[in-house]
Amino acid sequence: MKIEIINYTKNLSHNCVLNNISLTLESGHIYGFTGKNGSGKTMLMRAVCGLITPSSGEVKIDGKVLGRDISFPESVGVLIENPGFTSSFSGFKNLKFLAQIQNRINDGDIKSAMKSVGLDPEDKKSFRKYSLGMKQKLGIAAAIMEKPKLLILDEPFNALDEETVNKIRGIVKSYKSKDHIVILSCHDRDEIDSLCDVIIEIKSGNISNIIRTEKDTAYE
Amino acid sequence: MSHKTKRLWPLIRHDISYGIVLRWKYYAAALFIFILSSFVFAAHANHFLHSSGISGALGTFDFILNVFAGNKPFDASSQTGIKLSVLWFGFYAYLLSLTTFYASDDMKKSASSFILRVKSKVVWWAGKFIWCMLSVILYYVLFVLSACCASAAFGKLSALVNPYVCSEFFDINLHGASNGEIIVACLLLPFAVSLAVSSFHMMLSLVIRPIYSFILGICFIAAAAFRCHPMLIFNFTMAERNTLFSPASSISVKNGLISAVCLLLFSFFAGAAIIKRKDII
């Protein structure tokens, strides 16, 4: 899988939130977006998954232009900001609801995804009674349950305890070995440094720096 | 059946669960208001029938007309002042409050999860559109059900209209209109218009803030109450202005149905075009 972001500009209410961004993302890498709040990290993630339309420029996925040749990436799992779930349903029921849309996975896959982030699939507690950390875990489980080729996680470690953070690190690393693309953003620079092959620093809607870490053997 | 069409059904299930089942209190409140208004009307109408020595009982359509009769056009030359049917106004204002906000609310909460799985914004919009239709249908079912229950309790469970009650309370002369014509003019036409305006204001809520779309809807209802013109579509929901009962009027069933279908189709296709370009943020 290859994602090409070509001269991508996005203006919102006369503000340029992404300014002429060009970037290539390839399978087998973990990309980390860093930058201050409002720098454009989340917006760039939305651009990659086709949730926003460019003011100019384009995003190509395996040569197909988003919004023209394809509407959305064929296989994508996303956690962006607060995941919206039905408050009266249990975690499992919420994920089952989502899984039924594509109908690619069974109950076992859903349960496995929940267990991998430290949630009990048999827990009948409704989503509204979930703690902040549990909500975040369910959002990550929703993103990974269909084993997408492109995994986008915006601030995945927010509100998580150390044990769960380790589990998520393991999941992210396993995606690299499966030759998939992972994009994640995080405020903790140490976390980004330890996980990512390529670190993309974003400042005021521009890419200010691209750092290839020692782990990025594919570039050597 | 294409993959995208197949993926519509889980979306509709989500909308029924999230947009109707979990919001049952709003529909229960509507049912309560319908029953209460029927009780009040039955008390007044039965008192009129007894005091006038008129035999006959209230039928289901008397209760339906209690809401859908609306009011005569405002006549600036008369000294009677402004008359507005509160029940008619409230019925449509409440319906718009049920249907205008849901799509934009759901877009903020969970649209990205669903749209990325469905792979189509238009299918997501189609789900919302179908939800809107179902919501209006449920609202009308509750209304007709309350009218049937009220006529069973206070009159006789019959679709017949009591001409004396019609003349006294609604300023409607039946002119020998058939039951079929009355059903079309007093129930199916308001229903068709409700489907159209609900979907229109839901579509509008994608463009402007939902609260502005709702306020605009209220303005359209109020404008129709005071100005009898076919361009103000809520005129078609008032039986007192229908050509069936007021031959001089320009508010005909045919024009109403055509307007409703056109607005419904416009709302769907305009909404689809808007959602294609809309950023999911």
Side-chain angles (χ1 to χ4, degrees), chain A residues 10-13 17-18 42-43 45-55 66-68 70-89 93-105 126-128 138-139 141-143 145-146 148 150-152 154, chain B residues 1-26 101-128 130-131 206-209 272-281:
Chain A
K10 180 67 185 176
N11 298 312
L12 278 178
S13 308
V17 291
L18 293 175
T42 306
M43 208 51 82
M45 289 176 158
R46 287 194 179 105
V48 170
C49 51
L51 289 173
I52 58 170
T53 52
S55 302
L66 264 187
R68 194 185 72 196
I70 50 169
S71 302
F72 299 96
E74 188 49 43
S75 175
V76 60
V78 172
L79 169 80
I80 292 183
E81 292 181 343
N82 300 320
F85 292 108
T86 304
S87 55
S88 61
F89 289 175
K93 197 172 175 186
N94 264 300
L95 296 194
K96 192 169 168 65
F97 228 106
L98 287 175
Q100 281 172 337
I101 297 173
Q102 301 199 88
N103 211 19
R104 285 181 184 168
I105 57 170
S126 64
F127 180 72
R128 75 163 68 89
L138 194 66
M145 67 179 177
E146 284 152 328
L150 168 62
L151 179 64
I152 298 177
D154 185 17
Chain B
M1 197 185 282
S2 74
H3 282 299
K4 284 181 181 174
T5 315
K6 275 182 188 170
R7 288 171 186 178
L8 178 62
W9 303 121
L11 284 186
I12 294 170
R13 280 185 54 205
H14 160 77
D15 289 325
I16 290 172
S17 298
Y18 198 74
I20 294 178
V21 177
L22 292 179
R23 301 192 331 153
W24 65 271
K25 286 176 188 169
Y26 297 102
F101 298 92
Y102 174 66
S104 53
D105 183 45
D106 193 59
M107 174 173 277
K108 283 178 198 155
K109 282 182 180 163
S110 54
S112 58
S113 303
F114 284 92
I115 287 173
L116 286 173
R117 284 179 170 82
V118 175
K119 311 281 181 216
S120 167
K121 290 178 182 174
V122 174
V123 173
W124 180 87
W125 168 245
K128 292 292 165 283
I130 292 168
W131 167 84
L206 300 177
V207 185
I208 58 175
R209 286 188 182 183
I274 290 162
I275 199 76
K276 271 185 180 176
R277 291 171 182 80
K278 192 166 177 65
D279 296 324
I280 311 297
I281 294 177

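Naming convention: chains lettered A, B, ... in sequence-line order (proteins, then strands); numbering from 1 in each chain.
- Ser112(B) contributes atom OG, which lies 12.5 Å from atom CD1 of Ile52(A) (distance to the nearest 0.5 angstrom).
- With a 4.5 Å cut-off on non-hydrogen atoms, Ile115(B) touches chain A through its backbone and its side chain both.
- Listed by chain and residue number, Phe85(A), Tyr130(A) satisfy the ring pair (Phe, Tyr, Trp, His ring centres under 6.0 Å) test with Phe127(A) (two or more places apart in sequence, or in another chain).
- The nearest pair of heavy atoms linking Arg117(B) to Leu98(A) is CD-O, 3.4 Å.
- Side chains of Leu116(B) and Leu51(A) form a contact here, defined as non-hydrogen atoms less than 4.5 Å apart.
- Top candidate by heavy-atom pairs under 4.5 Å with chain B, chosen from Asn103(A), Thr42(A), Ile80(A), Thr53(A), is Thr53(A).
- A distance-only check finds no donor-acceptor pair linking the side chain of Lys119(B) to the backbone of Ser71(A) [under 3.5 Å].
- Across Met43(A), Gln102(A), Arg104(A), the residue that shares the most heavy-atom pairs under 4.5 angstrom with chain B is Gln102(A).
- Contacts from residues 272-279 of chain B to chain A, taken as heavy-atom pairs separated by less than 4.5 Å, involve Lys276(B), Arg277(B), Lys278(B), Asp279(B) in sequence order.
- Only the side chain of Tyr18(B) comes within contact range of chain A, with heavy atoms under 4.5 Å apart.
- Summarising the local packing, CZ of Arg23(B) is surrounded by more than 12 heavy atoms from other residues, nucleotides or ligands at distances under 6.0 Å.
- Summarising the geometry of Phe97(A) relative to Ser17(B), their closest heavy-atom pair is CZ-OG, 3.8 Å, with the distance given to 0.1 Å.
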